[in-house]
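Letters A, B, ... mirror the listed sequences (proteins, then strands); counts begin at 1.
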Amino acid sequence: ADIESFNIGLLGGENAQDRLNNNECLRAKTEELLGVETKLFAPADYNGVIQGLLGGTIDMAWLGASGYAKTYLSDPEAVEPILVKVNNDGGYGYYSVGFARKDSGISSLDDMKGKVFGFGDPNSTSGFLIPSIEIPEATGSTMTSGDYFGEVKFTGGHEQTIVAVNAGDVDGGVTWADGLGEWEDGYNSGALRRAVDAGLVDMNDLVQIWQSKPIPEGPIVLRKDLPEDVKVKFTALMASLPAMDPECAYGVLSGEAKGVMPIGHDAYEVIIEARKLKSN
Amino acid sequence: MASVDLYASADRLFLRKRLFTLGLPAAILAYLVYVFFAFDIPGLAERARWDNAQTLTRDAWSHKTHVTRDNRTGEISAAIEGERKGQYPQGTAPEWVTLDGTTTQVDLGSGHAVYFLPGNGLRYEIPGFGTIEAAIQGRKVVTNLTGDIPGWISLSKTRLAITTPEGRVSLTRNKTEVFNYFPGWELFFFTLKSPYYGHGPLQILFSEQIDPTRSNIAGAWNDFWFNEMWRHADVAWAMFETILMAFLGTFGAAIVALPLGFLAASNFSPFWAARFGIRRVFDFLRGVDGLIWTIVLSRAFGPGPMTGALAILLTDTGSFGKMFSEALENVDEKQIEGVASTGAKTIQRYRFGVIPQVTPVLLSQVLYYLESNTRSATIIGAITGGGIGLLLTQAMITQKDWEEVTYYIVLIILMVMMMDSFSGWLRRRLIKGE
Amino acid sequence: MSHTADQLETTRSHYLALIQRKRLYGGLMLGVFALLLISGFMLADDRNAGGFWAGLPNILDFPADVLADTLPKLDQLPGHFLTYLPALIETINIAAVSTMIGAGFAIVLSLLSTRGLARWPRLISLFRRTMDIMRAIPEIVIALVLIFILGGGPVPAMIAIAFHTAGALGKLFSEVNENADLKPVEGLSSVGASWFQRMFLGVLPQVAPNYFSYALLRFEINIRASAILGFVGAGGIGYELKNAMSWGLGKYDEAAAIFILLFVTIVIFDQLSSHVRNGLTHKGGH
Amino acid sequence: MLTVENLTKRFGANAAVDNASFSIDRPAMIGVIGRSGAGKSTLLRMINRLTDATTGRILFEGTDVTTLRGKDRRAWQASCAMIFQQFNLVPRMDVVSNVLHGTLGKRSTLTTVFNLFPKSDIHQAIDILDRLGMADHAPKRAEALSGGQQQRVAIARALMQDPRIILADEPIASLDPMNAQTVMEALRRIHEEDGRTVLANLHTLDTARRYCDRVIGMRDGRIVFDGTPEQLTTGVARDIYGAGDDFSEAATSTEIREPALVPPKVVLPEFA
Amino acid sequence: MLTVENLTKRFGANAAVDNASFSIDRPAMIGVIGRSGAGKSTLLRMINRLTDATTGRILFEGTDVTTLRGKDRRAWQASCAMIFQQFNLVPRMDVVSNVLHGTLGKRSTLTTVFNLFPKSDIHQAIDILDRLGMADHAPKRAEALSGGQQQRVAIARALMQDPRIILADEPIASLDPMNAQTVMEALRRIHEEDGRTVLANLHTLDTARRYCDRVIGMRDGRIVFDGTPEQLTTGVARDIYGAGDDFSEAATSTEIREPALVPPKVVLPEFA
Ligand SMILES: Nc1ncnc2c1ncn2[C@@H]1O[C@H](COP(=O)(O)OP(=O)(O)OP(=O)(O)O)[C@@H](O)[C@H]1O
Ligand SMILES: Nc1ncnc2c1ncn2[C@@H]1O[C@H](COP(=O)(O)OP(=O)(O)OP(=O)(O)O)[C@@H](O)[C@H]1O
Ligand SMILES: [Mg+2]
Ligand SMILES: [Mg+2]
């Protein structure tokens, strides 16, 4: 079976224009390679892309780990992981980092007892899923409001969590970072770094209070129904992108990366199990 | 003089009136007080981030240029808004930056001057305060600041940040950065890459060819329209997409709702059950908001303007169906009877007895919705569909491109006002005139 | 009575020319409209990730997912209703307060921008433009800006909706004011009443039923608006719905419960307001 | 030609028309009088088949029109035009279009739905309007006309049907005396020049006397009088209208006459 | 007491009141006559400050009221009550409240908005209504009253202001003769009993003659007559009204008299 068009879904988190801009080169290359019209779609949130993958209207996306788990749980036959981004240090993980305002006197999870805690987006791996499992392990009680923390909120996203902690709306929150570089810079990459670059926060005002085990970077997925040759061609394109066109890869992979490497479903079993735990 | 009875009854009358005129506001006031605490408005002042408001208003009409020294390599770069797209070519900088081999001087204006000194050092001359000197030694920041440090300086072992009305300076192990603020939306017309950058409209129109390969007007238009920073072409498309959603949704709904409206009007539909059923369908379509329809539909149709248009179509089919059937129930029977008495067939009766009298009513309702749906389309786009609403929310979420946010807001307001006057104009043309 | 043959001939040809022109314009307009609609549809179809015809058969997939997740857990629904009731009340409160505040501003703005009533007749067009702009700004724009400044919660939504409501109701109110009888106002002027007294005693009693009926209609619209704003972080039931929805399978039962709550609320207030409005307009009828 | 046999129309328990019989054997101008609620409108509406009869027959040249269905019924309606008190035009359409509605029974649905009437019809419509002194108003919207002008458009629509019979339900009740006269004269002329039967409900005696060849009086749904205007004495009228001795014909008059004939009645208010 | 000096009001090029001067030195009942458009209403509205004068002065006990602003202007309006042809009451409010509106100039906004009128005011309103024979209607809505009753409520409101001057702009023009008489008598009585000045626009000569001590005649904005009713001969009236020899006083009359005196005028329409 041939395809008539190829649709690439882009996750949110950045200016929609910038996202489209950064991925334009990938779109052009794909179109050239596959010989069918290729379009970029930038829905407002994770869910938009996931619904597209489930409904078969989006063919490829770079999902978060939790997003992949959600897709898999909704329909195991919908997508398959092909590649994952490899960081400069050779690993393909990142961390969920808990942080608070320095002047609040909080410096560890213990100090957070009875305080307000903020998650990001419920579909985010580092902003919700992993901390919602690992933090209870550390504190020994649940994440229900009033149990250990005074109140547990969703802020809506990484940026919002950082702003909320910085503003004192919540006493502590979690976001993601690559764990490389310095805390004072907001690490080398991650949401904190972006906030620092944007001048939103002064890292001098913040302290780290917790860090998760490494979280696997989300996979680049293709729709399972795609013809085999399309899958092969596209995977090859993505795999060679960092070598062929570093400028383009920088945009597509959101920053410096060593490259990509193949990955399969198994790498995400843990996340899937975690997600099952959090479902009703 | 009047009797005591009359006095008494007048007094009673006023007592009643007072009870009402005082009671109603009192009840409203009580409710507002309840909400005041339920919404925690007392805590609001505390939570409010006035500095955010400041950033927002400042960014809305101004922009900043970053001058950065990478403290590991010693490389100096200058970029508008710190973005790659606004980067000055390597080795060049704006004229207020003096690149001079070892020392770089950044003139912030009003006598404020920042020097990037050799050895990762930093000097900031602040008129009326003095000179701040700082440097990275090992992993730490050392400065000449002693005693009480004013609030606009933030100093820790690893980071120094100074904020003055003229700009912002920060120093960490990795980099030294200066932000200089300027009024206006920089690069709105041309990015630095464009040869037309820095040329006024008169120059472009009348001076010699600037880019040898293109005529001035075509080249300038091309560079403006495909401006990488502001992406005018995409914004224009997004606005069009929003209007397209509103247009397709509104008129699609009108076309679907018209026959259904007949089936739901008691004087045109003989079947009670069908009428009842269709009316409940209308209620359902209306009750499930457009937003929910968007979510439901995006599984089947994926993101894009069609999904948004269909969501508007579904909701409005409910609204129009209800309004149309009410309008149809209020038709003047006389006209229909007049047509019927000539021996007209059913369709002819509708055509000449019903349509002419309901058309103005329906049309004005539909046109009214066209304007209001432009706003809905913005919101729906923000949630999933696309269009200007998506651009707006995404720009807001990043919380830094406030000038773009302002730009989008202005465009949205203009777009809605334009649709408002357009639909008003059409209403007057089609209904009053003819 | 009748005309000469000549005159009749001109009448005929005039009329024929007239209807020909009308037919031409009518046909042209219809054609342009149909063209716009069809090409617009095709364009939107092309720009959508999934095509219209391809997606049509899948239209029930999502509801089916939700149902599949909810049906086995039906017994939990009442519990969910209870859990989310406070959020629903918050949504209704946002709508109610913003309608009240918006209507308050709308009354003042509309009086200030109605000829014959205006406090400062020179400024009428200023107030009109103000209302136009207030009306044109979608609530979501103000809400998002305010969330940035004030943090999440009901207050940004309330302010945003009140702002838009003031503009929207202001326009409707000023249409009502145009039809108000000015004689009582003049009567009050002649006794030395202040502008406020003239408006409160001379105009408001006349227009109150119409104001009330429009405000009710707006309240119903504002319930939806406040639910939608929850989606972008402004609290209330919309926020809960977004969280449950975006989690997806596993929490669709919560989503379903919230959706039912919201739907029932909207339908109840819709029916209620159309009932009350019918009553008002009928009483006002004679 | 037209024979009405034991025609009855019941609304619930109330008989609006009660066992009415009469017959018209040659073209005539006939007035139907009677007080409000006597059943005049119901009678005419049954003849035009806007209302179905409960029992009884209406025979037109041997055919019972009460049993006609579908096409035949519409054909009958086309040949039996109706004029209403409130004109019942389509106010937003122009005068000629309104007149052309008279051809709806004959023309195909498709063409008419798109407002495509044949040129010959349009010319005929303008001719008819001209005959009624309305040609100058041809392109105006019906709603822009005065009551008397609208009623003349309604008559033009009726003529456009080229009907055998014209039924007119209080054609002048909403008109001022001058317009009333114009309209009644037009109806009379149509009867005389074209030889069409006109059956008109009238609520004033003098109009009936002045314009009609024959008068039918109804009371409580029954036909209580059927004769020439001359036979319609004040006593008979009293019976028809069910009035007492204080019945004054002038009270029902809309005739324009010399003012001297009507002594002005001035009410003297009591002083407070 | 009240002096009007060279008062002029221009609407665009048209002078509604043109250089009018007169003076009132002691309480009197004064009628202003003149045909429609003569500037009567404009004159009264300027005195009450509902309309601003273009040039000229209005002196009341030495103060120029045309220059008053804000509070002072409202205080002046409070002491100079106005009665309108169309009553200008608040129709949806009860009679007492309408009367109490006469105190708005004195009372704080808050009091009036929350209906916190002092008891003494309420009782005084009832007394005034009683004096005008309207006490029984006190709790009714103004819109439920007849025209004459409404005008008496308007007079009560004026009295409630305890004004020095009462301006009445054609107070009886929309009333039937009986009600007109009641209202004019009430105004006269107020003048006589309370010693208030009443300045009334009247559109009929005989009313002016019957109730007024002094008559001012206006024509095209100018004051063309100022004298006692006796000086107001038919010749003078002709000048004021700008009428020719066919001028009949009766045409402007609203007096209740024997019907025989007024021959009914019937317009004969031309037949078409
Ligand atoms: N559709 C109807 N349903 C019930 N009763 C009806 C209906 N139409 C007419 N009637 C009744 O039938 C009786 C005769 O009505 P009809 O209109 O024929 O009288 P009419 O002589 O035309 O009176 P008018 O001079 O008022 O037009 C009246 O009692 C009326 O109430
Ligand atoms: N607001 C206005 N704007 C423009 N012209 C006005 C205005 N008010 C009155 N005029 C004009 O001023 C002139 C005098 O009007 P005014 O109402 O004072 O006459 P009047 O004597 O009271 O007549 P009437 O008996 O009709 O009430 C008229 O020509 C009128 O058209
Ligand atoms: Mg009748
Ligand atoms: Mg006047």
Side-chain angles (χ1 to χ4, degrees), chain B residues 2 254-255 258-263 265-268 270 323-324 326-368 424-434, chain D residues 41 44-45 47-51 68 70-94 97-115 141-143 150 153-154 157-163 166-169:
Chain B
I255 291 170
L258 189 62
L260 292 178
F262 274 96
L263 289 179
S266 55
N267 47 344
F268 291 100
M323 290 188 304
F324 287 6
E326 279 167 4
L328 286 170
E329 282 173 5
N330 290 330
V331 291
D332 176 12
E333 290 287 336
K334 289 201 308 287
Q335 297 177 37
I336 307 171
E337 201 162 63
V339 175
S341 75
T342 65
K345 291 180 261 304
T346 316
I347 294 180
Q348 292 171 327
R349 266 180 236 174
Y350 286 173
R351 169 64 184 83
F352 297 106
V354 182
I355 299 290
Q357 48 173 324
V358 292
T359 310
V361 184
L362 305 196
L363 208 60
S364 87
Q365 283 167 344
V366 170
L367 287 176
Y368 173 76
W425 173 81
L426 214 59
R427 227 180 355 240
R428 281 189 299 277
R429 273 308 295 272
L430 293 178
I431 294 163
K432 301 236 176 76
E434 218 182 37
Chain D
S41 298
L44 257 57
R45 294 170 59 86
I47 298 176
N48 181 266
R49 292 294 312 277
L50 283 173
T51 303
L68 298 177
K71 221 171 127 82
D72 294 335
R73 175 179 139 185
R74 289 201 303 275
W76 162 244
Q77 286 181 317
S79 69
C80 140
M82 182 106 181
I83 293 166
F84 301 85
Q85 172 176 347
Q86 294 292 338
F87 331 130
N88 294 21
L89 300 174
V90 181
R92 287 178 56 86
M93 291 188 123
D94 63 72
S97 295
N98 267 291
V99 176
L100 286 168
H101 291 166
T103 66
L104 287 182
K106 296 199 273 282
R107 300 280 168 243
S108 86
T109 312
L110 208 68
T111 47
T112 51
V113 158
F114 291 105
N115 238 337
R141 282 196 189 187
E143 63 193 351
Q150 289 196 40
V153 175
R157 176 172 73 188
L159 287 180
M160 196 72 201
Q161 294 180 237
D162 191 15
I166 293 178
L167 307 170
D169 189 7

(request) With a 4.5 angstrom heavy-atom cut-off, could you sort out which part of D/Pro163 is near chain B: side chain, backbone, both or neither? (result) neither
(request) Kindly indicate, with the supporting measurements, whether the criterion side chain to side chain contact (heavy atoms under 4.5 Å, CB included) is fulfilled by B/Glu337 and D/Phe84. (result) CA-CA 9 Å; B/Glu337 201 162 63; D/Phe84 301 85; 3.8 Å; yes
(message) If we count only N and O atoms by modelled type, under 3.5 Å, do the side chains of D/Ser41 and D/Asp169 hold a donor and an acceptor together?
(response) yes
(message) For D/Leu89, which atoms come within 4.5 Å of any heavy atom of chain B: side chain, backbone, both, or neither?
(response) backbone
(request) Measure up the D/His101 and B/Phe352 rings against each other and bin them: parallel (under 30°), tilted (30 to 60°), perpendicular (over 60°). (result) tilted
(message) Counting heavy-atom pairs closer than 4.5 Å to chain B, which one of D/Lys71, D/Arg49, D/Arg45, D/Arg107 comes out on top?
(response) D/Arg45
(message) Quick check on D/Met82 against chain B: is it the side chain, the backbone, both or neither that has a heavy atom closer than 4.5 Å?
(response) both
(request) Pick one of side chain, backbone, both or neither for D/Gln86, based on which atoms fall under 4.5 Å of a heavy atom in chain B. (result) both
(request) Examine distances only and state if a side-chain atom of D/Trp76 and a backbone atom of D/Ile47 form a donor-acceptor pair shorter than 3.5 Å. (result) yes
(request) Between chain B and each of D/Ile83, D/Asn98, D/Asn115, D/Thr103, count heavy-atom pairs under 4.5 Å; write down the option with the most. (result) D/Asn115
(message) Taking the side chain as everything from C-beta on, heavy atoms only, tell me whether D/Gln77 gets closer than 4.5 Å to D/Asn48.
(response) yes
